Number of protein chains: 4
Amino acid sequence: MKLSKVKVRRPAKNSAKHLHDAQNTRDHRELRIDKVGVRGLRFPIQVRDKAHAVQNTVATIGLFVDLPKEFKGTHMSRFIEVLNAHGNVIHVENIGEILRELQAKLHSATSHLEMEFPYFMVKQAPVSGRAGVMDYTARFDAAACGHEIDFMLTVKANVTTLCPCSKAIARYGAHNQRGEVTVQLRFRKPIWIEDLIGMIESSASSELYALLKRQDEKAVTERAYENPVFVEDLVRNVALKLNAHPEVRWYRVEAENFESIHNHNAYASIEKNRASAR
Amino acid sequence: MKLSKVKVRRPAKNSAKHLHDAQNTRDHRELRIDKVGVRGLRFPIQVRDKAHAVQNTVATIGLFVDLPKEFKGTHMSRFIEVLNAHGNVIHVENIGEILRELQAKLHSATSHLEMEFPYFMVKQAPVSGRAGVMDYTARFDAAACGHEIDFMLTVKANVTTLCPCSKAIARYGAHNQRGEVTVQLRFRKPIWIEDLIGMIESSASSELYALLKRQDEKAVTERAYENPVFVEDLVRNVALKLNAHPEVRWYRVEAENFESIHNHNAYASIEKNRASAR
Amino acid sequence: MKLSKVKVRRPAKNSAKHLHDAQNTRDHRELRIDKVGVRGLRFPIQVRDKAHAVQNTVATIGLFVDLPKEFKGTHMSRFIEVLNAHGNVIHVENIGEILRELQAKLHSATSHLEMEFPYFMVKQAPVSGRAGVMDYTARFDAAACGHEIDFMLTVKANVTTLCPCSKAIARYGAHNQRGEVTVQLRFRKPIWIEDLIGMIESSASSELYALLKRQDEKAVTERAYENPVFVEDLVRNVALKLNAHPEVRWYRVEAENFESIHNHNAYASIEKNRASAR
Amino acid sequence: MKLSKVKVRRPAKNSAKHLHDAQNTRDHRELRIDKVGVRGLRFPIQVRDKAHAVQNTVATIGLFVDLPKEFKGTHMSRFIEVLNAHGNVIHVENIGEILRELQAKLHSATSHLEMEFPYFMVKQAPVSGRAGVMDYTARFDAAACGHEIDFMLTVKANVTTLCPCSKAIARYGAHNQRGEVTVQLRFRKPIWIEDLIGMIESSASSELYALLKRQDEKAVTERAYENPVFVEDLVRNVALKLNAHPEVRWYRVEAENFESIHNHNAYASIEKNRASAR
């Protein structure tokens, strides 16, 4: 399934040169388009690990450029050509190349890439030490404007949250549940996905595991009971760590608890340097 | 937004009679089609309550018939016409009419209806008595074959499950989570959605609520701790109640726990009169 | 299923007054929370039509407030109480009341409401005049900050798009597909959902219908072929209409074509007064 | 991210042997559970290609066994252990090993595996020969009952469908759209996913491509116009090919068109050897 192995057939006579280029005609509506391109493209990729290995996964990708008001349309096939030319090893540091190629091939002032993918880490159970594969979700949103590049990293990690109120008022037990934490951030120097996951997991009542033996389940249950957090505590705990990190320029932290006693969710969010209270 | 209020314009001269009817041409592949029709239609409906009121909700609907091997295609617009002619009050007892109309209007031996919709019940908190609206999901799958009608009711209700193992081995606390129970059943005489919800909710560690004050949260937390259930217990508890119900002919019970200590779910199912162990 | 009909039981002795209020304890992390509340609440509502009728539908609702840095947690049950007290008739003009009540009951500087719901319109086929119910998606995002209210209306409408390039270069036919248009806007005076849908549908190759007889299908097919639009044309056509509308203060228009010749989508967006080209 | 590289910590003294085994207690409800296990597990896998290469992708996995009526619960961690022990190269021929291991480790009569994953193929554009990566969805549902194994392969492939009725009645053009074809089958000897995709794609108005230059788009547009198919034609065309295939024992073919002129879908299905017309 290697693109490089595919022998390209000789273009037929019926080539594109003889065909009308509707996209290139002059547009008169005088409206620049901010973003135009392709979205929802599933693509196998390799991402670089903190452990200096590469990890195989599948991304859902979007690629966009701006379109000046003079032109009727963009050339959609070129987005795919840029992606193909690049190869499938994609990581924080070479995304700039894709953005530059989009600007060059599509003659645009700006270009955008969005990609979301499952990210895996092997994790050991807390007592037995048994290893299992944990899944997370990561996302890159990158944009080039002229020579400048804006990069936003998003990581979603699920955790256990145990309700402090429930623990305080009940004679025994406390409701707890799976919660999803989403951190979006901009950094000065790249931060590893693994490090961000660590900040999230250490902010909850407990982290999750793929594989827990009975002695592990005992430890995890007790740890969660000893560390109750509201959804508010969870976002504050993560925000404190991000505030203390020298490379973080901006962040938004969101947490959503799939409450075990309700059919709706509890939600909280904090954004760094939020301009207004809107 | 009443269909009945819409004045129908006089059909233009350019009527369907002069147009080729591709669907009616003879097909030579000698293959009968089991089901053909429309799917994914959002439609506002009214459903009858146990409290003899009607409840407004929104259904996602599919309507199908079989197609004999002689015909190339069915007439898709007639499905919508049957639905429109029927009006939007839909309940267990009048679904037979829709199925009969589909058979008549589309000259088919069989007809099928599928519809899924949120279903609401007001529920009081266990101590404060405060009322809130709880949401469930209901689904009808009905089929007419000649004069016979097969009707399957599905209800999905979310509940709290607290892990008996975690409770037994931990010094304090026990992991618990939201779980989803799905019951599909065929009955002799109609069973109310409300009664089925009752059977599900009384089989879990606790039922869920929309509104809980602190004294309610205390009661719900303690009740769950006192009634630990594995996902296996949950499906068995529901199955026992369905076995004891005189009007239930067949059922499948499924439960899926959104585990608070794992990022995957625990699942169990029991089907009545399962032919094989496949 | 009326909340008003539910008789409230007398509170038991075990009342909330004797229970520890963990939420009200002093927090020392010095971090204000921007938004905290409930999300993913399905709720039956009535929305006001342009035709001065009310329409029954089902919303998925989120309600949030800010939390000053001094407090450990918010009181989640009060969000549901405000929603219950309000009743289920919700429209653009009375959303301010809900926001004010959230601010008052939760002692907050800001409050937020998000709600998304299917919205229905009866539409007549273009030639036969036959009526059918079309479904759209509407969304309100409203926020109160002190006395000021920010309201954003979102409407999603699906349309037909026929590719101008494909039409220009092929000897016959042209690929076309279902496309989804999303318009978000802020207005000076309220704009009806119906009017916004009209602006979207008239900007595409054709609008969609629930019910089309053969003569209608002929008309719709020909109309789409006569009005080819790129995804770029679609967002520009809508943007032109919004620019011309005296009550529109801000908008973002997005279109996504579920391409019939690709397994990925074509996407374009324009935002009014976009500060930067990011 | 290799499981094999993880050094296992020495088990702590607090080992599982001293902990109560709630799952192993005697159950008295006299109800056998058909399936119990884990579901919704995201896991990186390698699948074998027809081209004798391996393809990296990400699966969502479920693993289940039956539970005799005597036992209260199953041991959830063992499912993960079987998956880990197996390694991540999974293909049609070694799934039997996983099923056998589940039966052995969980002392069950039956075991089940479900896994769904994106599957990729490089495809060349019809005229320019330019290569692009097309994505499909594949699924394995396998069950062991004693020594017998039942294996069902599912493949989902998207295609172009152009409406024969619309073409016949309109002066020019014809509505077309993306359609999704789902084939489930049981075979005598394994059939390659690639071959099944080929049968689906050759049954539609046109196949889809990731990358099309203008001359390709012309060819694809004209080919679709020359090969109109109803959703009924599509399932019949696929069924004819499956009927002619010597290794196919059973199949169900479903097609769903995301109609470009409606907001609902057209659907058809054929099942081989359908017992009744229900």
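Labels below follow one simple rule: chain letters A, B, ... track the order of the sequence lines, proteins then strands, and each chain is numbered from 1. Every value quoted in this text rests on a predicted model; they were computed, and no experiment measured them. Because only heavy atoms are used, hydrogens play no part in the values below, and waters and symmetry mates are left out as well, while side chains stay in.
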**Interface residue of largest heavy-atom contact number with chain B, from A170(A), A168(A), C163(A), under 4.5 Å** = A170(A)
**Request:** Take D135(B) and H264(A) through the side chain to side chain contact (heavy atoms under 4.5 Å, CB included) test and state the conclusion after the steps.
**Result:** CA-CA 9 Å; D135(B) 66 307; H264(A) 56 261; over 6 Å; no
**Asked** Side chain, backbone, both or neither: which part of S206(B) has a non-hydrogen atom closer than 4.5 Å to chain A?
**Response** neither
**Request:** Sort N265(A) into side chain, backbone, both or neither according to what part of it lies under 4.5 angstrom from a heavy atom of chain B.
**Result:** both
**Request:** Would you please go through residues 234-245 of chain A and name the residues with a non-hydrogen atom below 4.5 Å from one of chain B, in numerical order?
**Result:** none
**Message:** Rounded to the nearest 0.5 Å, what separates atom OG in S166(B) from atom CD in E222(A)?
**Reply:** 8.5 Å
**Request:** Could you grab the distance from atom CG of N263(A) to atom CG of L208(B), nearest 0.5 Å is fine?
**Result:** 5.5 Å
**Asked** Under a 4.5 Å heavy-atom cutoff, which of L162(A), L211(A), N176(A), T221(A) has the most pairs with chain B?
**Response** N176(A)
**Item:** Top of K167(B), M134(B), E217(B), Q177(B) for chain A proximity - count of heavy-atom pairs under 4.5 angstrom
**Value:** E217(B)
**Prompt:** Any donor-acceptor pair under 3.5 Å linking the side chain of R178(A) with the backbone of I261(B)?
**Reply:** no
**Asked** Judged by atom type as modelled, is there a donor-acceptor pair below 3.5 Å linking the side chain of H262(A) to the main-chain atoms of Y209(B)?
**Response** yes
**Test item: I169(B) and R214(A) side chains (from C-beta on) under 4.5 Å apart, heavy atoms** = yes
**Message:** Check whether T160(B) reaches the backbone of S260(A) with its side chain - one donor and one acceptor, N or O, closer than 3.5 Å.
**Reply:** yes
**Item:** Contacts of residues 224-233 of chain A with chain B (heavy atom under 4.5 Å)
**Value:** Y225(A), E226(A)
